[in-house]
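Predicted, not measured: the structure shown is a model, and the values here were computed from it. The basis for the numbers below is simple: all heavy atoms, side chains too, and nothing from hydrogens, waters or symmetry mates.
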Amino acid sequence: MDWDKVVDEFDYSSMVEDSVLVIPLETRDDCLIGEMTKMVYQNNLIYVSDNVSKAIYVFDETGKLVTKLRAVGNGPGEYLNITSFVVRGTDIVIYDHFASRLLFYNAKGKFIKTEDAKDVWGMDIVSLGDKIWFVNDGGRLERGFYHLFSVNADKAGEHDAFLPFQDPGEQGWGTDDYIAPLKDEALFYYFPFDTLYTLKDNKAYPSYVVDFGKKRLPQQYIHADGRTALKAAIRDHYIGGVDRVVQSDNYIFILFSDCIDSYTAIYDKKTGGTIITKDLFNKKLGDLALQLNFRYIIQDENIIQYYPIEHWNVQVEYGDPTIIDKQELYSEHLRRQYREFQQMDGTECNPVVFIQKLKK
């Protein structure tokens, strides 16, 4: 990271095709998203997990709700919590960390089977081939931290464990997202370390090292407990590590913070060049930013992000409601949609999803 070349803002509209799919997610009494924790775009459907209702909602590309999966409990086919989920084919697989099990449901939300996961654990999962992989920085007693586990989804009881470090460590502290899938492979990492690993063909190996240079949290804090490291990072404005990673065929988006500003580094896989910016936005979307708090993903070379309706409500209540008329947007249709969002009650509406295709 060359800190002398950081830019305050970067308009990424030149990286995507000159159009956008805007999808207001249907709002119903039985479909109110309180806290979106994960989003998947697959099978021309949008899958969303909600931490408040402990449900998974599935929407089509018009935003219409097509499936609601909610089976909270401790009985057969039920879960205590949605730690994470993946979509395998058309099936939905929920990982329940509290109950130490995987639960499989079909596209309609009907329960299929349970897979025991008592000897593995994770905070994020990804499905590659016939296996579901678990990444975690937490540990259990003598087994240490920073594990990579796999469970064979088709053969019950076939579990494997991998450690990317010879010393599994004595401390674990980090974030909630650890995996950046891409087709038949994925990048994963362990906060607060700087190595990005590739997971492919049942093998894991280091692929990239993120060099934060002079702003990197010193080693003595990295190997200390999380509380000590956090205090040092806040006091001296150090970067603790990678907060999130998403990737496409050509780019890796790396998100991180120095406790004052948030940054996004866009690494070009082909040229090796890197752009570092504090504000990553699309001018033709009305300056909507790709932000850490409103999670975005990349799947099938699409950037998929969501925004709450309150974003447009604020323009009316506290800002300039005519700002939409002054913006350079993709189309007049998009301008009309934004005006409609301004008039909606954001506290009673589900978010809006934006899908943009990356240029080849």
Can you check whether [X] reaches [Y] side chain to side chain, under 4.5 Å on heavy atoms?
| X | Y | result |
| --- | --- | --- |
| V352 | Q337 | no |
| F10 | D279 | no |
| F253 | L280 | yes |
| D211 | D194 | no |
| I252 | L187 | yes |
| S84 | K38 | yes |
| L334 | K284 | no |
| M36 | Y57 | no |

Working to the nearest 0.5 Å, report the span between [atom1] of [X] and [atom2] of [Y].
| X | Y | atom1 | atom2 | value |
| --- | --- | --- | --- | --- |
| I46 | E61 | CD1 | CD | 7.0 Å |
| S150 | L128 | OG | CG | 10.5 Å |
| C259 | D236 | SG | CG | 10.0 Å |
| D261 | H237 | CG | NE2 | 10.0 Å |
| Y208 | Q247 | OH | CD | 7.0 Å |
| K278 | S257 | NZ | OG | 11.0 Å |

Do [X] and [Y] sit in the same hydrophobic cluster, where Ile, Leu, Val, Met, Phe, Trp and Tyr count as joined when their side-chain heavy atoms come under 4.5 Å apart?
| X | Y | result |
| --- | --- | --- |
| I82 | I33 | no |
| F111 | V93 | no |
| Y47 | I179 | no |
| V87 | L69 | yes |
| W133 | M123 | yes |

Sub-3.5 Å donor-acceptor pair from the side chain of [X] to the main-chain atoms of [Y], do we have one?
| X | Y | result |
| --- | --- | --- |
| N350 | P24 | no |
| R244 | Y296 | yes |
| N43 | L45 | no |
| D60 | V66 | no |
| E115 | V151 | no |
| R70 | I56 | no |
| N106 | K108 | yes |
| Y190 | T195 | no |
| Q305 | A289 | yes |
| D91 | G89 | no |

Might you work through the side-chain contact (heavy atoms from CB on, under 4.5 Å) test for L182 and E301, ending with a clear yes or no? CA-CA 9 Å; L182 176 66; E301 297 304 290; 4.1 Å; yes
Can you list the steps and then say if Y205 with K200 is a side-chain contact (heavy atoms from CB on, under 4.5 Å)? CA-CA 9 Å; Y205 49 88; K200 185 176 183 179; 4.3 Å; yes
Charged N-O contact under 4.0 Å between [X] and [Y]:
| X | Y | result |
| --- | --- | --- |
| D30 | R28 | yes |
| R339 | D325 | yes |
| K283 | D11 | no |

Of all heavy-atom pairs between [X] and [Y], which one has the smallest distance, and what is that distance?
| X | Y | value |
| --- | --- | --- |
| T67 | G109 | CG2-N, 4.0 Å |
| N302 | I304 | O-CD1, 3.4 Å |
| R101 | G73 | NH2-O, 4.2 Å |
| M39 | Y306 | CE-CD2, 4.1 Å |
| C349 | I309 | CB-CG1, 3.8 Å |
| G346 | N313 | N-OD1, 2.8 Å |

Y330 and N282: side-chain donor and acceptor closer than 3.5 Å?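 N282 and Y330 do have a side-chain donor-acceptor pair below 3.5 Å.
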Given F134, F104, Y79, F85, the one that forms ring pair (Phe, Tyr, Trp, His ring centres under 6.0 Å) with Y95: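 With Y95 as partner, ring pair (Phe, Tyr, Trp, His ring centres under 6.0 Å) holds for just one option, F134.
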Identify, with sequence neighbours excluded, every residue that meets side chain to side chain contact (heavy atoms under 4.5 Å, CB included) alongside N81.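 Applying side chain to side chain contact (heavy atoms under 4.5 Å, CB included) to N81 gives N51, K54, T83, D96, F98.
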Is the ring centre of F188 less than 6.0 Å from the ring centre of Y178?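 For F188 and Y178, the ring centres are not under 6.0 Å apart.
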Please determine whether side-chain hydrogen bond (donor to acceptor under 3.5 Å, both in side chains) holds for the pair R88 and S127, giving the CA-CA distance in whole Å, both sets of side-chain angles, and the decisive distance to 0.1 Å. CA-CA 7 Å; R88 286 176 52 84; S127 176; 2.9 Å; yes
Could you walk me through whether N250 and S248 pass the side-chain hydrogen bond (donor to acceptor under 3.5 Å, both in side chains) check? CA-CA 5 Å; N250 296 325; S248 68; 5.7 Å; no
Does Y12 form a side-chain contact (heavy atoms from CB on, under 4.5 Å) with I303? I'd like the steps, not just the answer. CA-CA 11 Å; Y12 72 88; I303 297 177; 4.2 Å; yes
Is the number of heavy atoms from other residues, nucleotides or ligands within 6.0 Å of [atom1] ([X]) greater than 12?
| X | atom1 | answer |
| --- | --- | --- |
| K64 | NZ | no |
| R227 | CZ | no |
| K110 | NZ | no |
| K359 | NZ | yes |

Anything under 30° is parallel, anything over 60° is perpendicular, the rest tilted; go ahead and classify [X] against [Y].
| X | Y | result |
| --- | --- | --- |
| Y307 | H311 | perpendicular |
| Y338 | F341 | tilted |
| F256 | W3 | perpendicular |

Please step through side-chain contact (heavy atoms from CB on, under 4.5 Å) for the pair E35 and D50, ending with a clear verdict. CA-CA 5 Å; E35 181 187 353; D50 176 34; 4.2 Å; yes
